[in-house]
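Here is the structure we will look at, set down as structure tokens.
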Amino acid sequence: MDLQHLEEIQRDCAQRVVKEDLFKDVRWVGGIDLTFESIKETPTKAWACLVVVQLKDLKPVYTEVVEGTVDFPYIPTFLAFRELPLMLRLYEKAKIKPDVFLIDGQGVAHPRGCGIASHFGVETDSVTIGVAKTKLWGVYREPSPERGSFSPLLYRGSVIGVALRTKAKTAPVFVSVGHKISLKTAIDIVLKTSVFRIPEPIRLAHNTLQRVRKGWLG
DNA sequence: GCGACAG
DNA sequence: ATCTTGTCGC
């Protein structure tokens with residue numbers, strides 16, 4: 001694999017990212033997550049899940065799962081080349097396309113400005129938000145403990161995202177623009193879809209995958 | 001050279 | 001990400 005070439009693809013993708021709100025109202029919010037049969041082996045079998053919830057009551061209205069093989073290893077800053085293929089198959093199979101996608105990982109808060117959330121958004125031309133459980137790039141100060149507080153994630157003085165407290169006294173999540181949305185609106189949607197630390201669409205997708213992997217269904 | 005490093 | 005049970009705290 002030629003990482004130099006892949007970096008070039010990411011820089012090109014970053015130039016296409018739109019950081020403004022290019023949509024009207026949001027009714028459906030989707031969350032995508034992946035799970036792997038093995039983490040030590042590559043290739044390995046894997047599954048991707050999309051759960052769409054209604055923004056008004058956070059009730060799930062659609063769930064889709066796809067199974068496949070992942071052959072690219074996990075390399076920090078190159079996550080998209082490992083997980084995007086299966087996510088794109090999931091997108092194509094989905095009967096319902098949500099107004100906004102919450103993606104497990106960074107959006108523009110990435111060394112070359114194109115984390116998996118932005119990459120997926122540009123590839124599918126859809127609205128996306130990056131929601132990561134830990135930081136990849138930038139510096140920040142711990143936000144105050146109450147739900148809703150946030151502090152900027154900075155890189156060379158520029159705001160590339162925020163550390164957002166979606167639940168009181170709980171570790172924050174890192175939110176960044178994926179594609180076709182502003183950081184302000186991204187924060188608003190993540191807060192509106194969060195009951196626990198992880199936004200409902202992603203949390204439900206993750207829960208479904210744990211059951212699928214263990215053969216409880218799917 | 002050393003530490004950091006999404007999932 | 002996965003391996004894994006109970007347990008302590010709000």
Side-chain angles (χ1 to χ4, degrees), chain A residues 1 3 6-7 9-10 13-14 17 31-50 65-88 90 101-123 128-140 145-147 153-156 160-179 183 186 190 195-199 201-203 205-216:
Chain A
M1 60 187 127
L3 296 185
L6 298 185
E7 287 185 359
I9 290 175
Q10 293 180 321
C13 174
V17 171
I32 295 178
D33 190 34
L34 268 75
T35 194
F36 304 83
E37 185 170 77
S38 167
I39 52 167
K40 294 197 168 187
E41 298 158 46
T42 301
T44 183
K45 180 185 287 186
W47 296 266
C49 176
L50 163 69
V65 175
V66 294
E67 178 183 306
T69 301
V70 165
D71 34 42
F72 195 92
Y74 169 67
I75 302 174
T77 78
F78 295 97
L79 178 67
F81 298 100
R82 175 176 172 76
E83 305 191 344
L84 206 50
L86 207 51
M87 284 177 51
L88 294 178
L90 178 64
F101 283 93
L102 299 182
I103 308 292
D104 217 322
Q106 317 293 341
V108 300
H110 174 279
R112 289 169 292 286
C114 185
I116 191 168
S118 295
H119 211 139
F120 176 85
V122 169
E123 292 280 312
T128 63
I129 298 172
V131 183
K133 293 181 288 298
T134 60
K135 186 201 71 174
L136 170 67
W137 198 238
V139 298
Y140 70 102
E146 74 272 17
R147 174 188 148 88
L153 180 59
L154 308 167
Y155 179 68
R156 290 185 174 177
I160 60 175
V162 297
L164 173 66
R165 196 82 68 184
T166 49
K167 185 176 182 218
K169 303 172 198 170
T170 299
V173 292
F174 298 81
V175 177
S176 57
V177 168
H179 188 45
L183 180 57
V190 169
V195 176
F196 301 108
R197 182 191 179 213
I198 304 300
I202 294 178
R203 194 180 67 83
H206 187 272
N207 288 169
T208 293
L209 287 175
Q210 294 308 306
R211 292 179 306 218
V212 168
R213 183 161 54 74
K214 293 179 180 177
W216 294 4

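Sequence lines set the chain letters: A, B, ... in the order given, protein chains first and strands last, and positions in each chain run from 1.
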Counting the atoms with a prime plus P, OP1 and OP2 as sugar-phosphate, which does A:Phe72 contact under 4.0 Å by heavy atoms, base, sugar-phosphate, or nothing? nothing

Suppose the criterion is side-chain hydrogen bond (donor to acceptor under 3.5 Å, both in side chains): which pairs have a residue in residues 129-138 of chain A, not counting sequence neighbours? A:Asp104-A:Lys133

Contacts of A:Arg203 that satisfy salt bridge (Lys or Arg N to Asp or Glu O under 4.0 Å) - sequence neighbours left out: A:Glu200

Distance in Å, A:Ile202 CD1 paired with A:Ile32 CD1, rounded so as to fall on 0.5 Å steps: 9.0 Å

Atom pair CG (A:Leu84) and CG (A:Leu90), whose distance is rounded to the nearest 0.5 Å: 11.0 Å

Applying salt bridge (charged side-chain N to carboxylate O under 4.0 Å, His left out) as the test, list every pair that has at least one member in residues 161-174 of chain A; sequence neighbours left out. A:Glu142-A:Arg165

Output yes when a side-chain donor or acceptor of A:Ser176 lies under 3.5 Å from a complementary backbone atom of A:Ile160, and no otherwise. no

Looking at residues at least two apart in the chain, or sitting in another chain, which of them share a ring-ring contact (aromatic ring centres under 6.0 Å, His included) with A:Phe174? A:Tyr140

Tell me, please, the opening and closing nucleotides of DNA chain B, 5' to 3', among those with an atom under 4.0 angstrom from a non-hydrogen atom of chain A. B:dC5 to B:dG7

Just by distance, no angles: are the side chains of A:Thr35 and A:Arg213 close enough, under 3.5 Å, to form a donor-acceptor pair? yes

Let me confirm one number: the CG-CD distance from A:Leu88 to A:Glu123, rounded to the nearest 0.5 Å. 6.0 Å

Sort by first number and list every stem of DNA chain C: at least 3 consecutive Watson-Crick or G-U wobble pairs, both distances under 3.5 Å. none

Determine, for nucleotides 1-10 of chain C in 5'-to-3' order, which nucleotides have protein heavy atoms under 4.0 Å from the base (write B), from only the sugar-phosphate (write S), or from neither (write -). BBS------S

May I ask you to say what A:Ile75 touches in the nucleic acid, namely base, sugar-phosphate or nothing, with a heavy-atom cut-off under 4.0 Å? nothing

Would you mind writing out the side-chain donor-acceptor pairs for residues 70-80 of chain A within the sub-3.5 Å range, not counting sequence neighbours?
| from | atom 1 | to | atom 2 | distance (Å) |
| --- | --- | --- | --- | --- |
| A:Thr77 | OG1 | A:Arg112 | NH2 | 2.9 |

Considering every strand and a 4.0 Å limit on heavy-atom distances, what is the contact class for A:Lys135: base, sugar-phosphate, or nothing? sugar-phosphate

Can you name the residues that form a side-chain hydrogen bond (donor to acceptor under 3.5 Å, both in side chains) with A:Arg147, not counting sequence neighbours? none

Got a donor-acceptor contact below 3.5 angstrom from the A:Thr170 side chain to the A:Ala168 backbone? yes

Out of curiosity, A:Leu3 CG to A:Ile9 CD1, how far, rounded to the nearest 0.5 Å? 10.5 Å

Interface residues of residues 105-112 of chain A with DNA chain B (non-hydrogen, below 4.0 angstrom): A:Gly105, A:Gln106, A:His110

Any stems for DNA chain B, made of 3 or more Watson-Crick or G-U pairs in a row, each with both distances under 3.5 Å? none

How many angstroms lie between NE2 in A:His206 and SG in A:Cys49, if you round to the nearest 0.5 Å? 10.5 Å

Residue set satisfying ring-ring contact (aromatic ring centres under 6.0 Å, His included) with A:His119, at least two apart, ordered chain then number -> A:Phe81

